[in-house]
Asker: 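The following block contains the structure, expressed as structure tokens.
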Amino acid sequence: MQTVASPLMPIAGHIDPVPVPRSLKPRADGRIDLLGLSKADLRMALETSQLEPKQAKLRAKQLWHWIYNRGVTDFSLMTDISKAMQPWLAQRFVISRPQVIEAQVSTDGTRKWLLRSDDGQDYEMVFIPDADRGTLCVSSQVGCTLNCRFCHTGTMRLVRNLESGEIVGQVMLARDALGEWPSTPEGRMLTNIVMMGMGEPLYNFDNVRDSLKIVMDGDGLALSKRRITLSTSGVVPMMARAGEEIGVNLAVSLHAVTKEVRDEIVPLNRKFGIEELLQACADYPGANNARRITFEYVMLKDKNDSDDDARELVRLIKQYKLPAKVNLIPFNPWPGAPYECSTPERIRAFQEIVFGAGISAPARTPRGRDIDAACGQLKTAAEKKSRAELDRLAEEKQAALG
């Protein structure tokens with residue numbers, strides 16, 4: 001069989017080929033959403049729309065400022081972009097916000113938004129105001145990969161990961177609602193972000209990393225990495241990457257100190273055990289006494305709240321020489337929940353043992369319970385599941401995780 005040689009590809013020389021950005025998916029109307037694009041991808045989007053490279057560089061810088069420093073979504077309001085250029089941009093691009101389906105305000109000032117994506121998927125975000133800070137709890141997935149048994153979100157099926165723009169969009173929408181444009185560090189109500197909403201952030205690593213880099217960029221939202229906390233249930237293989245590539249504070253959903261109990265309430269423990277998880281915490285880049293790892297510990301009556309549990313928690317933290325603090329979280333009930341909250345007296349006794357060992361252990365005051373916005377209560381669907389259905393869903397998720 002004779003082989004015919006393929007003609008050689010022409011050499012481009014000094015003429016660069018037209019750059020093609022990766023994963024820039026047009027919306028249904030054919031326009032590209034600029035929200036959530038990195039600076040490089042924003043510039044690339046302009047170049048692939050046939051804007052000359054030098055002009056694309058200038059326009060990308062201007063757009064970044066208007067989007068992330070000014071919060072502007074209308075190209076016609078961008079005063080340093082020519083009137084001829086504004087409609088050109090509007091024909092090809094859009095700067096989106098999540099669709100708000102419902103906004104609720106708790107009696108304690110906590111706000112919760114039910115949001116909907118372009119493909120009709122619902123997710124939630126929560127803003128918690130305090131005297132000295134305002135914290136936005138951001139979701140990373142529609143539903144959840146995991147099935148932590150005390151968590152209402154964990155009873156949902158995972159629908160999909162949120163895209164970078166959908167994650168950043170939550171921060172933008174909160175800034176809109178709080179009237180915090182232009183973006184300046186002084187006088188902000190939104191001072192902190194916690195990746196503790198719906199989903200496991202480390203199972204959506206790329207989008208979480210890319211969105212947080214936008215949030216931390218000094219030319220825009222400019223939120224310090226010291227004011228951002230990423231919470232994981234213990235996806236050990238991704239923890240070092242999170243420290244190296246994102247560099248924000250780490251929180252770990254520990255919730256138990258024995259294999260038996262943690263296997264039950266955080267089934268991911270069957271894949272990555274307590275010892276492996278704590279070693280990953282000890283190795284987390286940048287962890288020190290000034291940037292302690294936070295262990296989240298939900299207080300479940302007669303399950304994980306004994307004096308022995310408290311002493312074992314202290315022992316483990318000291319064994320692995322962890323710069324740590326422990327957040328004691330009163331369990332927030334939801335319909336069909338298999339657990340009850342520890343009594344205030346039991347929480348106080350547990351707390352005193354941990355405090356007595358020199359480890360900070362504040363008991364978190366539940367916020368937003370009346371609108372189901374408290375820790376572990378986020379769930380966009382109101383359907384009720386039987387215990388058998390919950391068990392079957394847990395088994396399916398565990399099998400999918402391996």
Asker: What is the minimum heavy-atom distance between L115 and P98, and which atoms define it?
Answerer: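 Between these two residues, the closest heavy atoms are CD1-CB, 4.0 Å.
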
Asker: Rounded to the nearest 0.5 Å, how far apart are CD1 of I193 and CE of M216?
Answerer: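 The CE atom of M216 is 9.5 Å from CD1 of I193, to the nearest 0.5 Å.
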
Asker: Can you tell which of D305, D309, D307 makes a salt bridge (Lys or Arg N to Asp or Glu O under 4.0 Å) with R346?
Answerer: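 Going through D305, D309, D307 one by one, the salt bridge (Lys or Arg N to Asp or Glu O under 4.0 Å) with R346 is satisfied by D307 alone.
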
Asker: Pick from T73, I67, V94, I214: which one makes a side-chain contact (heavy atoms from CB on, under 4.5 Å) with L35?
Answerer: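 When side-chain contact (heavy atoms from CB on, under 4.5 Å) is applied between L35 and each of T73, I67, V94, I214, only I67 qualifies.
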
Asker: Charged N to carboxylate O below 4.0 Å: is that the case for R43 and E47?
Answerer: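 Counted as a salt bridge, because a side-chain N and a carboxylate O are separated by less than 4.0 Å.
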
Asker: Show me the donor-acceptor pairs within less than 3.5 Å that the side chains of residues 274-282 make with the rest of the protein, sequence neighbours left out.
Answerer:
| unit_1 | atom_1 | unit_2 | atom_2 | d |
| --- | --- | --- | --- | --- |
| Q279 | NE2 | D283 | OD1 | 3.2 |
| Q279 | NE2 | D283 | OD2 | 3.4 |

Asker: Does D302 offer a backbone N or O that forms a donor-acceptor pair with the side chain of S306 under 3.5 Å?
Answerer: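 No; judged by distance alone, with no hydrogens or angles, the pair does not exist.
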
Asker: Assess, by modelled atom type and distance only, whether the side chains of N69 and W64 contain a donor and an acceptor separated by less than 3.5 Å.
Answerer: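 No, W64 and N69 have no side-chain donor paired with an acceptor closer than 3.5 Å.
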
Asker: Are H65 and D219 close enough that some pair of their side-chain heavy atoms sits under 4.5 Å apart?
Answerer: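 In short, these two side chains do not touch, never coming nearer than 4.5 Å.
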
Asker: What's the verdict on salt bridge (charged side-chain N to carboxylate O under 4.0 Å, His left out) for R116 and D122, showing C-alpha distance, side-chain angles and the deciding distance?
Answerer: CA-CA 4 Å; R116 182 163 295 164; D122 292 351; 2.7 Å; yes

Asker: Can you measure from CZ (R133) to CG (N192) and round to the nearest 0.5 angstrom?
Answerer: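 The CG atom of N192 is 4.5 Å from CZ of R133, to the nearest 0.5 Å.
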
Asker: So do K301 and Y339 actually touch side chain to side chain, heavy atoms under 4.5 Å?
Answerer: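 Of all side-chain heavy-atom pairs linking K301 with Y339, none is under 4.5 Å.
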
Asker: Please check if any side-chain donor atom of T258 sits under 3.5 Å from a side-chain acceptor atom of E312, or the reverse.
Answerer: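 Checked: T258/E312 side chains show no N/O donor-acceptor pair below 3.5 Å.
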
Asker: What I want to check is whether the side chains of Q141 and N204 have a donor and an acceptor closer together than 3.5 Å.
Answerer: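 Distance-only check fails for Q141 and N204.
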
Asker: How close do V168 and S211 get, counting heavy atoms only, and between which atoms?
Answerer: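 Smallest interatomic distance, heavy atoms only, reads CG2-CB, 3.5 Å.
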
Asker: Give the C-alpha distance, both sets of side-chain angles, the deciding distance and a yes or no for side-chain hydrogen bond (donor to acceptor under 3.5 Å, both in side chains) between D263 and N269.
Answerer: CA-CA 5 Å; D263 278 356; N269 194 69; 2.8 Å; yes

Asker: Taking it one step at a time, do D74 and S76 satisfy side chain to side chain contact (heavy atoms under 4.5 Å, CB included)?
Answerer: CA-CA 5 Å; D74 185 343; S76 69; 2.7 Å; yes

Asker: Take a 6.0 Å sphere around NZ of K39 and say whether it holds more than 12 heavy atoms from other residues, nucleotides or ligands.
Answerer: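 Above 12, so yes.
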
Asker: Could you give the distance from OG1 (T229) to CG (L250), rounded to the nearest 0.5 Å?
Answerer: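 Output value for this atom pair is 8.5 Å.
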
Asker: Which pairs count as ring pair (Phe, Tyr, Trp, His ring centres under 6.0 Å) when at least one residue sits in residues 251-301, sequence neighbours excluded?
Answerer: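 Sorted result for residues 251-301: F150-H255, Y297-F350.
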
Asker: For atom CD of E260, is the number of surrounding heavy atoms from other residues, nucleotides or ligands below 6.0 Å larger than 12?
Answerer: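 Atom CD in E260 is not crowded, with 12 or fewer foreign heavy atoms closer than 6.0 Å.
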
Asker: To the closest 0.5 Å, what do you measure between CG (L223) and CZ (R188)?
Answerer: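 Answer rounded to 0.5 Å: 5.5 Å.
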
Asker: Within a reach of under 6.0 Å around CZ of R226, are more than 12 heavy atoms found that belong to other residues, nucleotides or ligands?
Answerer: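 No, not enclosed.
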
Asker: So do F93 and F75 actually touch side chain to side chain, heavy atoms under 4.5 Å?
Answerer: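 Heavy-atom side-chain distance check passes, below 4.5 Å.
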
Asker: Kindly indicate, with the supporting measurements, whether the criterion side chain to side chain contact (heavy atoms under 4.5 Å, CB included) is fulfilled by C144 and L158.
Answerer: CA-CA 5 Å; C144 189; L158 175 68; 5.8 Å; no

Asker: Return the minimal non-hydrogen interatomic distance between G71 and D176, and the atom names on each side.
Answerer: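 That closest heavy-atom pairing would be O-OD1, 4.5 Å.
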
Asker: Start with the C-alpha gap between I167 and V138, add the side-chain angles, then the distance that decides, and say whether side chain to side chain contact (heavy atoms under 4.5 Å, CB included) holds.
Answerer: CA-CA 7 Å; I167 297 171; V138 174; 3.9 Å; yes

Asker: Starting from the C-alpha separation in whole Å, work towards a yes-or-no answer on salt bridge (charged side-chain N to carboxylate O under 4.0 Å, His left out) for R27 and D33.
Answerer: CA-CA 7 Å; R27 297 168 10 131; D33 193 346; 5.0 Å; no

Asker: D108 side chain to T110 main-chain N or O, any donor-acceptor pair under 3.5 Å?
Answerer: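 Present.
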
Asker: Please find the pair of heavy atoms, one from N327 and one from P362, that lie closest to each other, and give the distance.
Answerer: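 Shortest heavy-atom separation between N327 and P362 comes out as OD1-CG, 3.5 Å.
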
Asker: Under the criterion side chain to side chain contact (heavy atoms under 4.5 Å, CB included), I'd like the reasoning laid out for V215 against Y68: C-alpha separation, chi angles, the key distance, then a yes or no.
Answerer: CA-CA 8 Å; V215 169; Y68 296 114; over 6 Å; no

Asker: Between the side chains of R175 and E180, is the shortest nitrogen-to-carboxylate-oxygen separation below 4.0 Å, so that they form an ion pair?
Answerer: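 A salt bridge is present here (some side-chain N lies under 4.0 Å from a carboxylate O).
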
Asker: Check this for me, if you would: do D206 and R209 make a salt bridge, where the nitrogen-to-carboxylate-oxygen distance has to be below 4.0 angstrom?
Answerer: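 A salt bridge links D206 with R209.
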
Asker: Just verifying a value: how many Å separate I317 CD1 and K325 NZ, rounded to the nearest 0.5 Å?
Answerer: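 NZ of K325 is found 12.5 Å from CD1 of I317.
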
Asker: Strictly distance-based, threshold 3.5 Å: is any side-chain N or O of N304 a donor or acceptor partner for the main-chain N or O of V257?
Answerer: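 The answer is no, because no donor-acceptor pair under 3.5 Å joins these two groups.
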
Asker: Would you say the side chain of S231 lies within less than 4.5 Å of the side chain of P201, judging by non-hydrogen atoms?
Answerer: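 They are not in side-chain contact.
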
Asker: Tabulate below the donor-acceptor pairs under 3.5 Å that side-chain atoms of residues 55-63 make, not counting sequence neighbours, or state none.
Answerer:
| unit_1 | atom_1 | unit_2 | atom_2 | d |
| --- | --- | --- | --- | --- |
| R59 | NH1 | Q62 | OE1 | 2.8 |
| Q62 | NE2 | D80 | O | 3.2 |

Asker: Give the C-alpha distance, both sets of side-chain angles, the deciding distance and a yes or no for salt bridge (charged side-chain N to carboxylate O under 4.0 Å, His left out) between R311 and D308.
Answerer: CA-CA 5 Å; R311 284 189 280 267; D308 285 344; 2.9 Å; yes

Asker: Does L212 reach the side chain of V208, with side-chain heavy atoms less than 4.5 Å apart?
Answerer: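 Yes, close enough: below the 4.5 Å cut-off.
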
Asker: I would like to know whether S139 and E124 meet side-chain hydrogen bond (donor to acceptor under 3.5 Å, both in side chains); could you show each step before the answer?
Answerer: CA-CA 7 Å; S139 292; E124 293 180 332; over 6 Å; no

Asker: Does any part of the side chain of L328, heavy atoms only, come nearer than 4.5 Å to the side chain of V298, both counted from C-beta?
Answerer: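 They are not in contact (no side-chain heavy atoms under 4.5 Å apart), so the answer is no.
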
Asker: Going by heavy atoms in the side chains, are D210 and S38 under 4.5 Å from each other?
Answerer: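 A side-chain contact under 4.5 Å is absent here.
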
Asker: Quick check against the 3.5 Å criterion: does R92 have a side-chain atom that pairs as donor or acceptor with the backbone of W88?
Answerer: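 Such a contact is found between R92 side chain and W88 backbone.
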
Asker: Check whether any side-chain heavy atom of M196 lies under 4.5 Å from a side-chain heavy atom of E296, and answer yes or no.
Answerer: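 M196 vs E296: side chains touch.
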
Asker: How far does CD1 of I128 sit from CG of D130, to the nearest 0.5 angstrom?
Answerer: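 Spacing of CD1 (I128) from CG (D130) equals 7.5 Å.
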
Asker: Does a salt bridge link K112 with E102, judged by any charged N lying under 4.0 Å from a carboxylate O?
Answerer: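 No, K112 and E102 are not salt-bridged.
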
Asker: Measure from the side-chain N and O atoms of Q121 to the backbone N and O of R160, and report whether any donor-acceptor pair falls under 3.5 Å.
Answerer: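 Not a single qualifying donor-acceptor pair exists.
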
Asker: Within the side chain of E166, is there an N or O that forms a donor-acceptor pair under 3.5 Å with the backbone of E163?
Answerer: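 Checked: pair present.
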
Asker: Is there a salt bridge (charged side-chain N to carboxylate O under 4.0 Å, His left out) between K213 and E245? Walk through the geometry before answering.
Answerer: CA-CA 9 Å; K213 284 188 174 182; E245 297 181 32; 5.8 Å; no

Asker: Can you name the closest pair of heavy atoms from C137 and G197 and give their distance?
Answerer: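 The pair with the smallest heavy-atom distance is SG-N, 3.4 Å.
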
Asker: Ignoring hydrogens, what is the shortest heavy-atom contact between Q86 and I81? Give both atom names and the distance.
Answerer: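 Shortest heavy-atom separation between Q86 and I81 comes out as NE2-O, 2.9 Å.
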
